[in-house]
Amino acid sequence: MSTDAHTRGGAPGDSYDPRAIQDKWQARWAELNPFAAVEDPADERPRRYALDMFPYPSGDLHMGHAEAFAIGDIVARYWFQKGYNVLHPIGWDSFGLPAENAAIKRNSHPAEWTYDNIETQAASFRRFGISFDWSRRLHTSDPEYYRWNQWIFLRLYERGLAYRKGGRVNWCPVDQTVLANEQVVAGHCERCGAQVERRVLTQWYFKITDYADRLLDDMAALDWPERVLTMQRNWIGRSEGADVQFAIEGRDEPVTVFTTRPDTLYGATFFVVAADAPLADEICADDRRAEFEAYKEQVAHESEIERLSTEREKTGVFLGVHAVNPVNGERIPVWASDYVLAEYGHGAIMAVPAHDQRDLDFALKFGLPVRVVVETGEADPAETGVATPGEGSLINSGPIDGLAKDAAIQRITEILENRGLGKATVNYRLRDWLISRQRFWGTPIPIIYCDACGEVPVPDTELPVRLPDNLRGADLAPKGISPLAAAADWVNVTCPSCGGPARRDTDTMDTFVDSSWYFMRYCSPHQEDGPFDADKVRRWMPADQYTGGVEHAILHLLYSRFITKVLYDMGMVDFTEPFRRLVNQGQVINQGAAMSKSLGNGVDLGEQIDQYGVDAVRLSMIFAGPPEDDIDWADVSPSGSVKFLARAHRLAGDVTSAPGVDFAAGDEALRKITHRTIDEATQLVESHRYNVAIARMMELTSAARKAVDTGPGPGDPAVREAVETLAIMLSLVAPYTAEEMWERLGRTASVAKAGWPVAEPALLVRESVTCVVQVAGKVRDRLDVAPDIDEGELERLALASGKVQAALEGRAVRKVIVRVPKIVNIVPA
RNA sequence: GCGGGCGUGGCGAAAUUCGGUAUACGCGGCAGACUUAGGAUCUGUUGGUGGCGACACUGUGGGGGUUCGAGUCCCCCCGCCCGCACCA
């Protein structure tokens with residue numbers, strides 16, 4: 001017999017050996033399959049859908065995955081314990097660039113790397129003890145999955161929501177593909193960090209802008225973190241205002257500008273066109289051409305960083321032409337500048353320097369006039385250099401003089417509309433979703449180009465358009481066009497419409513298309529005649545909780561909401577929002593910084609598990625703080641978690657009463673603690689304060705220990721009740737230990753389905769409570785009183801206290817506030 | 001600059017719903033028990049200052065306010081984190 005510490009203080013076999021327990025129960029769970037969702041429509045238990053953001057299969061699971069899935073698993077396991085019919089699926093977001101890069105490097109096919117990693121992660125998930133329904137596993141790179149991406153694409157195409165257009169797009173020079181606006185962060189590629197370039201290309205788009213208002217309005221009903229909702233709101237960027245037409249001298253067509261302040265139209269003293277907009281080129285006067293071209297060149301070469309700096313001085317050139325203010329006929333000079341964005345609004349603005357800081361900066365730099373048209377009571381902007389964008393009454397503005405801002409906006413808009421010179425309108429920052437990618441490892445776009453028929457959709461019956469399997473290694477190296485273009489056999493097809501020679505689209509879809517509906521596929525993952533079974537989706541969706549990282553606050557979550565609304569409009573689903581509640585877990589960091597190779601502060605999940613066991617790692621993550629807070633692994637004590645779990649485990653071995661014993665005969669003091677713990681822990685779990693719930697479990701553990709050692713003893717039924725309660729509650733975070741405890745208690749697996757305990761109200765009643773007695777707001781005494789003590793009696797007791805009298809120092813009592821039974825505050829004169 | 005969030009012991013954090021014992025629970029520290037030993041385990045203790053002590057004073061970023069009573073509500077300020085960033 002070894003002198004191993006764990007064997008002291010208990011019978012042989014009492015040692016807590018996480019690894020042995022893990023191996024044992026992993027095998028048992030594989031047989032029991034306790035977490036399969038039940039599809040039987042006759043099953044009338046409440047249904048719950050616990051959804052986790054599915055992983056990308058890059059290598060093994062890491063600490064971040066562990067935390068996210070541990071949190072999601074608490075919710076799922078709690079619902080299982082409550083007896084609900086729970087859907088808790090898992091799959092892989094398995095298309096994407098890293099697989100392609102790995103294939104190039106290893107001279108192999110992306111599928112090899114991808115599916116190897118999926119197997120690695122699947123094994124790790126099983127080891128990590130997550131309560132998945134493994135029968136629903138899906139991979140977006142399977143043809144059985146991506147054929148439905150293509151099917152959904154075609155439905156959008158039919159509805160005019162998928163369309164091709166030419167235009168300036170974001171191009172990542174490293175990944176050699178275009179990017180959606182959402183994938184450009186501060187001018188850099190969201191994935192690889194390279195500085196994004198501009199290219200003019202014809203690409204496929206999804207018309208998400210048609211849904212801008214619904215995407216905004218429907219947020220009201222979502223139980224999501226405020227910051228995510230705010231980010232989405234900002235991203236959509238709705239602003240109300242008016243389009244106003246300005247005639248340009250020498251141009252037949254007027255030019256429209258968007259403004260949120262049509263009330264300041266009389267204050268427009270110049271006009272600015274985005275330097276890189278075609279309009280600037282078109283209207284530039286001959287004698288200004290050279291100067292303009294030089295400026296355009298300069299703008300084209302400045303880096304994003306320079307461009308984005310708000311500190312930077314304004315630049316621009318006069319284009320030698322004039323615009324005419326539609327309301328007063330005034331001629332104002334037209335300038336070109338890079339502070340006006342070609343992509344937003346109409347790429348041109350009316351400049352009102354008195355009431356817009358950017359316009360004022362420009363006016364002061366180039367000596368343009370400043371005219372105040374809103375009397376705000378502030379100093380003259382031309383003098384101070386500070387624009388006055390606030391409220392006030394209109395001046396120098398003809399028919400709208402004297403009106404307040406809102407009335408003025410309304411009036412001037414009417415005038416413009418009546419004269420056909422403008423109209424009230426809404427503008428959005430949101431752009432359509434660019435989904436084409438010039439890469440291989442993704443869903444082929446199901447479109448064929450025919451010289452005779454043009455753009456022809458692949459018929460549904462010919463789906464899926466499979467990726468060719470003869471491209472590998474260097475064939476996939478980025479060339480600026482899709483590697484698929486090199487697969488001549490694949491590209492050249494006959495036109496589905498006329499039978500003539502035709503070519504496939506060689507781009508693949510953004511992988512965010514794959515992930516924008518996978519949560520519906522989980523409801524019927526093997527469906528062969530559609531993306532999902534509508535009845536089943538109606539039954540399970542929307543997801544009750546969605547757990548994952550905040551990095552998807554805009555991209556994935558916005559796209560998923562959009563696709564859901566499109567499917568709703570198609571009559572395929574009966575809900576308009578896919579995720580009721582969203583939980584963003586914090587990051588796992590180490591020593592104050594994100595884990596990174598360059599810092600050398602990485603923590604390996606597998607090593608942590610080897611050292612402390614799965615349960616201790618999970619417990620440490622959950623106990624460290626609220627789910628949304630970052631966890632600094634340097635502040636966490638997994639060995640402390642092991643200690644606690646070993647204590648709980650030992651307790652289960654100490655219980656000597658038989659399973660099924662009548663708890664009512666047990667020690668009342670311990671029973672009260674148990675039931676109070678049940679009551680509090682239940683509320684805590686439901687309000688997602690898992691760290692506090694664990695604190696309550698620790699207290700129950702200590703109470704049970706005391707009862708065994710120095711109280712009613714290990715045979716008391718109350719001890720069994722306490723330890724069984726502990727095992728069930730612990731099963732949410734430490735499933736292996738809980739299962740082993742359950743078995744040691746003589747119960748039958750699985751503890752995961754044992755049923756969440758219910759507190760008996762009679763045991764929640766307190767015999768006495770502590771009443772705090774304050775004098776002038778300071779605590780002077782504590783009294784043990786009956787919970788139902790009456791006010792007069794409590795006041796009398798409080799005043800009778802020697803400590804209170806001492807604190808009063810003979811002063812008269814002016815006032816006594818009594819809040820039975822918890823507090824008495826005595827206010828001296 | 002705009003928007004969102006936050007600030008509590010040596011550390012991670014409780015208490016914030018609905019104003020009512022600030023620091024639960026854990027880590028770390030200190031002391032003790034059991035030990036050949038302890039980096040195991042168990043027990044006790046642990047905000048600060050003063051006092052042998054019962055205790056007293058003080059304490060939730062700073063300042064002010066409301067209240068019998070404020071970590072919690074209101075106003076101002078300071079600091080930190082996140083998002084957006086010339087969006088007309």
Side-chain angles (χ1 to χ4, degrees), chain A residues 3-10 185-186 225-235 237-239 241 257-261 264 272 274 307-312 314 337-341 343-352 355-359 361-362 389 427-430 550 553-554 619-620 623-626 628-641 643-644 646-647 650 684 687 689 691-699 701-702 705 709 770-782 803 806-807 814-819 822-828:
Chain A
T3 53
D4 186 282
H6 301 304
T7 61
R8 284 195 71 250
V185 178
E226 196 51 47
R227 65 168 167 163
V228 174
L229 296 174
T230 303
M231 282 164 74
Q232 292 215 352
R233 255 179 229 118
N234 292 343
W235 185 259
R238 180 187 156 105
S239 44
V257 299
F258 174 73
T259 176
T260 53
R261 293 295 302 276
T264 63
V272 189
R307 230 189 70 75
L308 291 172
S309 167
T310 49
E311 305 293 300
R312 200 175 57 123
K314 294 278 181 285
S337 175
D338 64 351
Y339 88 90
V340 172
L341 308 176
E343 294 83 12
Y344 184 78
H346 305 281
I349 61 158
M350 65 174 205
V352 184
H355 307 296
D356 181 286
Q357 190 60 49
R358 296 154 301 182
D359 296 345
D361 293 343
F362 194 86
N427 231 293
Y428 302 91
R429 220 184 74 115
L430 183 70
V550 73
I554 294 175
L619 182 77
S620 298
F623 184 55
E628 60 278 8
D629 285 11
D630 286 352
I631 297 171
D632 192 331
W633 200 246
D635 294 333
V636 164
S637 171
S639 61
S641 299
K643 208 158 75 177
F644 165 62
R647 273 158 58 89
R650 180 154 77 92
L684 289 164
S687 52
R689 283 132 78 207
N691 55 326
V692 189
I694 289 168
R696 297 292 169 268
M697 295 180 209
M698 288 172 168
E699 288 171 306
T701 304
S702 297
R705 182 79 259 156
D709 290 346
T770 303
C771 175
V772 172
V773 185
Q774 301 177 331
V775 175
K778 283 186 183 174
V779 179
R780 295 298 176 181
D781 201 2
R782 293 179 170 85
K803 287 176 181 171
R814 182 160 67 89
K815 194 172 177 182
V816 181
I817 287 100
V818 183
R819 293 285 177 272
K822 292 192 73 178
I823 202 153
V824 176
N825 190 11
I826 295 162
V827 187

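None of these values were measured; they are calculated from a predicted model. Reminder, nothing fancy here: chain letters follow the sequence lines and each chain counts from 1. Below, all heavy atoms of this structure are taken into account, side chains as well, without hydrogens, waters or symmetry copies.
Taking atom CZ of residue R780(A) and atom C1' of nucleotide rA54(B), one finds them 14 Å apart after rounding to whole Å. In this structure, CD of Q357(A) is placed 12 Å from P of rG1(B), rounded to the nearest angstrom. Rounded to an integer number of Å, the gap from L619(A) CG to rG26(B) P is 12 Å. A straight line from CD1 of I554(A) to P of rG3(B) spans 17 Å, rounded to a whole angstrom. The distance from atom NZ of K643(A) to atom P of rC25(B) is 14 Å, rounded to the nearest whole Å. Note: CD (E226(A)) to P (rC6(B)) measures 11 Å, nearest angstrom. Summarising the geometry, the separation between CD on E343(A) and P on rA88(B) is reported as 15 Å, rounded to the nearest angstrom. Between D709(A) atom CG and rU43(B) atom C1' there is a gap of 11 Å when expressed in whole angstrom units.
Atom C1' of rU67(B) sits at a distance of 40 Å from the matching atom of rC84(B), rounded to the whole Å. Taking the C1' atoms as reference points, rG64(B) lies 25 Å from rG48(B), given to the whole Å. Spacing of P atoms, rU43(B) relative to rG53(B), comes out at 27 Å, to the nearest Å. Comparing rG59(B) with rU72(B), their P atoms are spaced 14 Å from each other, to the whole Å. If you take atom P in rA24(B) and the same atom in rG19(B), they sit 24 Å apart, rounded to whole Å. Look at the C1' atom in both rA40(B) and rU35(B): the space between them is 11 Å, to the nearest Å. Atom name P, nucleotides rG71(B) and rA54(B): the rounded distance is 26 Å, in whole Å. Across the P atoms, rC75(B) and rC57(B) are found 33 Å apart, a figure rounded to whole Å.
Looking at R429(A), its side chain never comes within 3.5 Å of a backbone N or O of Y344(A) through a donor-acceptor pair. Judged by distance alone, the side chain of D781(A) and the main-chain N or O of K803(A) form no donor-acceptor pair under 3.5 Å. No donor-acceptor pair under 3.5 Å is formed between the side chain of Q774(A) and the backbone N or O of I826(A). Here the side chain of S337(A) pairs no donor or acceptor atom with the backbone of V340(A) at under 3.5 angstrom.
Ranked by how close their nearest RNA chain B nucleotide is to the 5' end, M350(A) and S702(A) are led by S702(A). If you find the closest nucleotide of RNA chain B to D356(A) and to G777(A), the one lying nearer the 5' end belongs to G777(A).
Nucleic acid contact for R705(A): none, since no nucleic acid atom lies under 4.0 Å from a heavy atom of the residue. Residue contacts shown for S239(A) are limited to sugar-phosphate atoms, with no base heavy atom under 4.0 Å away. Residue contacts for R647(A): at a heavy-atom cut-off of 4.0 Å it reaches the sugar-phosphate backbone alone, with no base atom in range.
Taking a pair to require two hydrogen-bonding distances under 3.5 Å in either a Watson-Crick or a G-U wobble arrangement, rG38(B) remains unpaired. Across all strands shown, the partner of rG20(B) is rC68(B), judged by Watson-Crick or G-U wobble contacts whose two distances both fall under 3.5 Å. Nucleotide rG9(B) is matched to nothing when pairs are restricted to Watson-Crick or G-U wobble geometry with both distances under 3.5 angstrom. Base-pair partner of rG1(B): rC84(B) (Watson-Crick or G-U wobble, both distances under 3.5 Å). The nucleotide rA31(B) finds its pairing partner in rU43(B), both defining distances of the Watson-Crick or G-U wobble pair being shorter than 3.5 Å. In a base pair of the Watson-Crick type (N1 to N3 plus N6-O4 or O6-N4) or a G-U wobble (N1-O2 and O6-N3), with each distance short of 3.5 Å, rC57(B) is matched with rG48(B).
Side-chain atoms of R647(A) and S702(A) include a donor-acceptor pair closer than 3.5 Å. Side-chain atoms of S641(A) and S620(A) include a donor-acceptor pair closer than 3.5 Å. Donor-acceptor pairing under 3.5 Å is recorded for the side chains of S687(A) and R689(A). Side-chain polar atoms of D359(A) and Y339(A) form a donor-acceptor pair below 3.5 angstrom.
Neither OP1 nor OP2 of rA56(B) sits under 4.0 Å from any side-chain N or O of K778(A). In this structure, Y339(A) does not reach the rA88(B) phosphate: none of its side-chain N or O atoms is under 4.0 Å from OP1 or OP2.
Between rC57(B), rG4(B), rC68(B), one nucleotide has an atom nearer to the side chain of K815(A) than all others, and that is rC68(B). Nearest nucleotide to the D338(A) side chain, out of rC84(B), rC86(B), rA88(B): rC86(B). Across rG3(B), rG26(B), rC27(B), the shortest atom-to-atom separation from the side chain of T230(A) is found for rG3(B). You'll find that the side chain of F258(A) is closest to rA88(B), out of rA88(B), rC86(B), rG4(B). Of the candidate nucleotides rC27(B), rA88(B), rG26(B), rG26(B) has the atom nearest to the side chain of M698(A).
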Per-nucleotide protein contact string for nucleotides 7-21 of chain B, where B marks a base within reach and S marks sugar-phosphate only (heavy atoms under 4.0 Å, - for neither): ----SBSSS----BB

Side chain to side chain contact (heavy atoms under 4.5 Å, CB included) evaluation trace for V824(A) with I817(A): CA-CA 6 Å; V824(A) 176; I817(A) 287 100; over 6 Å; no

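An anti orientation is assigned to rG12(B), its glycosidic angle lying beyond 90° of 0.
The pair E628(A)-R227(A) does not count as a salt bridge, with every side-chain nitrogen at least 4.0 angstrom from each carboxylate oxygen.
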